Number of protein chains: 2
Amino acid sequence: MTASQEQKLGAADIAALVRREISKGNLQLHDRLPPERVLAETYGAARGTVRKALTRLEEEGFVEIRAGSGTYVVHQPDGSTANAIENATPLELMDTRFALEPHICRLAVLHGRHNDFDRMEALCTRMEECVDDPVGFSEADTEFHRAIVDSTRNGLLIWIIDQIGNVRSADDWTRMRHLTLDAQTIRTYNVQHRQILNAIRTREPERAANVMKEHLETARLSLTRASET
Amino acid sequence: MTASQEQKLGAADIAALVRREISKGNLQLHDRLPPERVLAETYGAARGTVRKALTRLEEEGFVEIRAGSGTYVVHQPDGSTANAIENATPLELMDTRFALEPHICRLAVLHGRHNDFDRMEALCTRMEECVDDPVGFSEADTEFHRAIVDSTRNGLLIWIIDQIGNVRSADDWTRMRHLTLDAQTIRTYNVQHRQILNAIRTREPERAANVMKEHLETARLSLTRASET
DNA sequence: GCTCCATAAACCAATATTATACCAAAAAAT
DNA sequence: ATTTTTTGGTATAATATTGGTTTATGGAGC
């Protein structure tokens with residue numbers, strides 16, 4: 001398969017390698033790949049072989065070969081953010097949150113500042129006023145988790161949570177969610193939110209992470225309960 | 001490894017370079033780029049070639065060429081995705097991996113199948129053959145972590161790790177990384193990779209997660225050590 | 001034997017690049 | 001205002017690069 005050492009590379013192998021470079025992003029859209037004669041040398045193959053590989057890639061729609069000019073990349077490696085996110089199932093989402101949010105709490109303990117905590121505090125009170133308003137609660141809830149990740153000052157994490165937030169607001173998905181949001185559940189969530197905030201405020205990373213885990217566990221339970229209905 | 005070493009740069013190459021400077025933010029909206037004659041010299045090409053590149057970029061809507069005045073940037077790089085990722089610092093990246101990968105190991109224990117493990121196994125051996133080849137090791141390493149997340153069958157997580165992989169392959173960032181990859185470090189990594197694989201194979205979620213944490217801790221250490229240089 | 005595939009070399013045709021010169025629009029200096 | 005400088009716009013002929021094609025050769029597997 002992957003000929004690691006100095007094996008002979010066939011046309012198919014070379015095609016695979018180049019195809020991979022493209023999906024990997026090393027070769028981007030509109031890039032011109034090296035001349036056939038150069039490729040031949042770097043892959044240790046004859047020009048004819050490289051040529052076969054490229055012709056095949058052209059048929060597959062990865063590249064475009066222009067005589068006298070060169071071979072160019074014509075393929076967006078399905079960067080469609082939308083797709084991976086739109087198609088995410090509620091369970092996939094829960095697993096992802098399980099991975100991210102407890103550790104985010106630890107980081108919030110490390111990097112959070114007073115005004116971050118004030119913002120969370122405000123959101124807690126707002127949620128407590130929404131015991132009978134699932135929609136309002138849901139908005140505040142999203143913002144609360146967003147506030148936590150904001151306090152980490154980690155742009156990458158913030159961006160990821162942001163993207164995930166787009167899933168949470170997907171249509172049928174929110175509908176499902178609201179089913180699970182009776183007053184009792186909201187009250188439980190509120191208690192947990194307070195616990196999370198306190199743990200972060202008192203700078204206890206592990207406790208913060210654990211409380212977040214419990215919180216997510218609760219959320220997962222009401223989810224699976226709802227989907228059994 | 002774009003074909004941009006000491007080769008002669010063609011119009012397409014120059015267009016690609018400028019396009020990237022724009023997406024990256026080094027050239028911002030309404031900035032004027034250097035005169036064609038200067039660009040020609042800096043890129044080591046004739047003016048006509050630079051000209052072709054710029055004309056093409058104008059057609060693509062990246063720049064606007066005004067006779068007698070100059071060439072100006074007219075393009076907002078799709079802020080959301082590219083920016084958060086391109087601008088991520090190594091430390092932000094480490095924190096993010098700390099959040100994700102241990103839990104991903106747990107999920108791999110739950111959902112992984114035999115052929116997943118076989119793939120990881122193959123990558124382990126490949127890495128062990130790369131003790132003196134940092135570049136080859138680095139590739140295999142990325143693919144190993146990718147294999148783990150693949151085995152979770154969680155499209156959302158796979159997508160996230162994929163995005164993060166793009167950071168890892170950013171230019172100056174890889175350069176920094178290779179500095180830290182002496183043979184000794186690679187050997188340490190290899191041991192840890194084996195431990196991770198074994199823990200997943202024997203279906204021990206917590207042990208898998210913990211070994212992954214250790215692994216990341218090691219990586220973070222060699223990173224901070226490198227940046228103090 | 002045969003076929004399939006890869007190699008190597010040579011040559012052709014399409015395109016790109018270079019180097020140079022000069023023009024026209026805009027900006028800057030006077 | 002006018003001149004000067006800078007900048008893009010255009011043209012051209014020589015040269016270099018690149019894909020396209022053909023041919024002859026050799027090896028691996030059937």
Side-chain angles (χ1 to χ4, degrees), chain A residues 1-19 21-22 27-75, chain B residues 1-19 21-22 27-75:
Chain A
M1 188 176 170
T2 29
S4 51
Q5 300 298 336
E6 296 184 10
Q7 297 257 352
K8 265 186 224 166
L9 295 176
D13 301 308
I14 295 180
L17 287 176
V18 176
R19 207 183 294 112
E21 291 295 305
I22 293 176
L27 287 173
Q28 295 189 350
L29 189 64
H30 295 307
D31 277 358
R32 186 177 70 177
L33 18 124
E36 296 176 349
R37 292 165 172 94
V38 175
L39 285 177
E41 195 175 356
T42 61
Y43 285 125
R47 195 183 150 209
T49 312
V50 170
R51 185 143 244 289
K52 270 184 189 167
L54 292 183
T55 310
R56 188 160 158 186
L57 284 181
E58 183 174 41
E59 287 164 0
E60 292 176 13
F62 281 88
V63 301
E64 178 187 336
I65 308 181
R66 286 209 291 271
S69 176
T71 307
Y72 299 84
V73 177
V74 194
H75 180 74
Chain B
M1 254 185 259
T2 353
S4 60
Q5 305 300 337
E6 290 285 338
Q7 296 275 348
K8 261 188 187 174
L9 296 176
D13 302 308
I14 296 178
L17 287 176
V18 176
R19 206 184 292 116
E21 290 295 305
I22 293 176
L27 287 172
Q28 294 191 343
L29 191 63
H30 296 148
D31 277 358
R32 187 179 83 179
L33 25 111
E36 296 175 349
R37 293 166 172 93
V38 175
L39 284 177
E41 195 175 355
T42 62
Y43 285 125
R47 194 183 150 209
T49 311
V50 170
R51 185 142 244 290
K52 260 187 180 172
L54 292 184
T55 309
R56 191 157 164 189
L57 285 180
E58 183 175 42
E59 288 164 1
E60 291 177 14
F62 280 87
V63 300
E64 178 188 336
I65 309 181
R66 285 208 290 270
S69 175
T71 306
Y72 301 84
V73 177
V74 194
H75 179 73

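Please read all numbers here as calculations on a predicted model, not as lab measurements. Chain letters run A, B, ... following the sequence lines, proteins first, then strands; residues in each count from 1.
A distance-only check finds no donor-acceptor pair linking the side chain of A:R47 to the backbone of A:L39 [under 3.5 Å]. When atom types are taken as modelled, the side chain of A:E58 and the backbone of A:I65 share a donor-acceptor pair closer than 3.5 angstrom. Checked by atom type and distance alone, the side chain of A:T49 never pairs as donor or acceptor with a backbone atom of A:A45 at under 3.5 Å.
When distances run from any side-chain atom of A:R47 to the nucleotides C:dT18, D:dG8, C:dA10, the shortest one goes to C:dA10. Nearest nucleotide to the B:A45 side chain, out of D:dT10, C:dT18, D:dT18: C:dT18.
The separation between B:L9 atom CG and D:dA16 atom C1' is 15 Å, rounded to whole Å. In this entry the distance linking CD of A:E41 with C1' of C:dA9 reads 16 Å, nearest Å. As rounded to whole Å, 13 Å separates atom C1' of C:dA8 from atom CZ of A:R37. Taking atom CZ of A:R32 as the reference point, atom P of C:dA14 lies 19 Å away to the nearest angstrom. When the C1' atom of D:dT6 is taken as reference, atom CD of B:E36 falls 12 Å away, rounded to whole Å. Whole-Å rounding puts the A:Y72 OH to C:dT15 P distance at 11 Å. Distance A:L33 CG to D:dT17 C1': 15 Å, rounded to the nearest Å.
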When you look at B:H75 and B:L29, which way does the side chain to side chain contact (heavy atoms under 4.5 Å, CB included) test go after all the steps?
CA-CA 6 Å; B:H75 179 73; B:L29 191 63; 5.6 Å; no
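Remark: B:E64 engages B:R66 in a salt bridge, criterion side-chain N to carboxylate O under 4.0 Å. Salt bridge present: B:E60 and B:R56 bring a charged side-chain N and a carboxylate O closer than 4.0 Å.
Taking 3.5 Å as the limit, the base of D:dG9 and the side chain of B:R66 contain no donor-acceptor pair of atoms between them.
Residues A:V73 and A:L27 approach most closely at CG2-CB, 4.1 Å, considering heavy atoms.
Interface residues of residues 48-60 of chain A facing DNA chain C, ordered by number: A:T49, A:K52; criterion, heavy-atom separation under 4.0 Å.
Using a 4.0 Å cut-off, no side-chain N or O of A:S69 falls inside it from OP1 or OP2 of D:dG19.
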